[in-house]
Amino acid sequence: MVGLVAYWLMKSEPDVFGYEDLVRVKREGWDGVRNYQARNFIRQMSKGDLAIFYHSNATPPGAAGICRIVSRPEPDPTQFDPTSKYYDPKSTAAEPRWDWVVVAPKKRLNFVPLDTLREIPELVDCRLLAKGNRLSVMPLTDAEFDAIVDAGS
DNA sequence: GCCAACGTTGGC
DNA sequence: GCCAACGTTGGC
């Protein structure tokens, strides 16, 4: 029996790591999530889930591609690294606070800018478009995911 | 437990 | 660079 695939949206700043970087490196641990709500969503991810790779803090911001979750959630190693900007001294190996998943590129989208996303009826209730939204990892419904993919295909 | 101060996110 | 929105921290 095939498990259900869940859909997500994950934000990254393309100046730091964009979809083309993921295409180039093929796999990347999604490090640096230091928000509990986002962390909890990461912990709900399963291998095989799909995510919209969203470019935040960009000109323009928008959906750049589809990626696949290729690992289970596991401790984000940067939390243990004192030289990392994501180092968390309160995190221990026994009780890691922060998880990541490894992602791989699935399909490049024709870039869907935020302005266009706002015009998609299926996305009216999407948290991405809510005022003041800062969540960097969020679930999408099937309809939301499909609508974004359609807009970029 | 409240809340002010502060830091971060992210669109513009 | 600005600033609104939000999360976290820490004094009380």
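A note on names: the letters A, B, ... follow the listed sequences, proteins ahead of strands, and every chain is numbered from 1.
A/V102 belongs to a hydrophobic cluster whose remaining members, ordered by chain and number, are A/V70, A/W100; membership requires side-chain heavy atoms of ILVMFWY residues under 4.5 Å apart, directly or through intermediates.
Comparing A/K90 and A/G132 along DNA chain C, the residue whose closest nucleotide (by nearest heavy atom) sits nearer the 5' end is A/G132. Nearest-nucleotide positions on DNA chain C place A/N133 closer to the 5' end than the other of A/N133 and A/R97.
Identified under the ring-ring contact (aromatic ring centres under 6.0 Å, His included) test for residues 116-141 of chain A, with sequence neighbours left out: none. Sequence neighbours left out, the pairs with a member in residues 50-62 of chain A that pass side-chain hydrogen bond (donor to acceptor under 3.5 Å, both in side chains) are A/E13-A/N57.
Listed by chain and residue number, A/R97 satisfy the salt bridge (Lys or Arg N to Asp or Glu O under 4.0 Å) test with A/D88 (two or more places apart in sequence, or in another chain). Partners of A/D31 according to the salt bridge (Lys or Arg N to Asp or Glu O under 4.0 Å) rule, which considers only residues two or more places apart in sequence or in another chain, do not exist here. Remark: A/D21 pairs with A/R24 by the salt bridge (Lys or Arg N to Asp or Glu O under 4.0 Å) rule, at least two apart or across chains. Residues meeting the salt bridge (Lys or Arg N to Asp or Glu O under 4.0 Å) test with A/E74, sequence neighbours left out: none.
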Inset, instruction - Go through A/K11 and A/M138 one step at a time and tell me if the side chain to side chain contact (heavy atoms under 4.5 Å, CB included) criterion holds. - result: CA-CA 9 Å; A/K11 295 181 187 173; A/M138 71 188 76; 4.2 Å; yes

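The nucleotide range of DNA chain B contacted by chain A, defined by atoms under 4.0 angstrom from heavy atoms of the protein and reported 5' to 3', is B/dG7 to B/dC12.
Scanning residues 49-64 of chain A for heavy-atom distances under 4.0 Å to DNA chain B yields A/Y54, A/S56, A/N57, A/P61.
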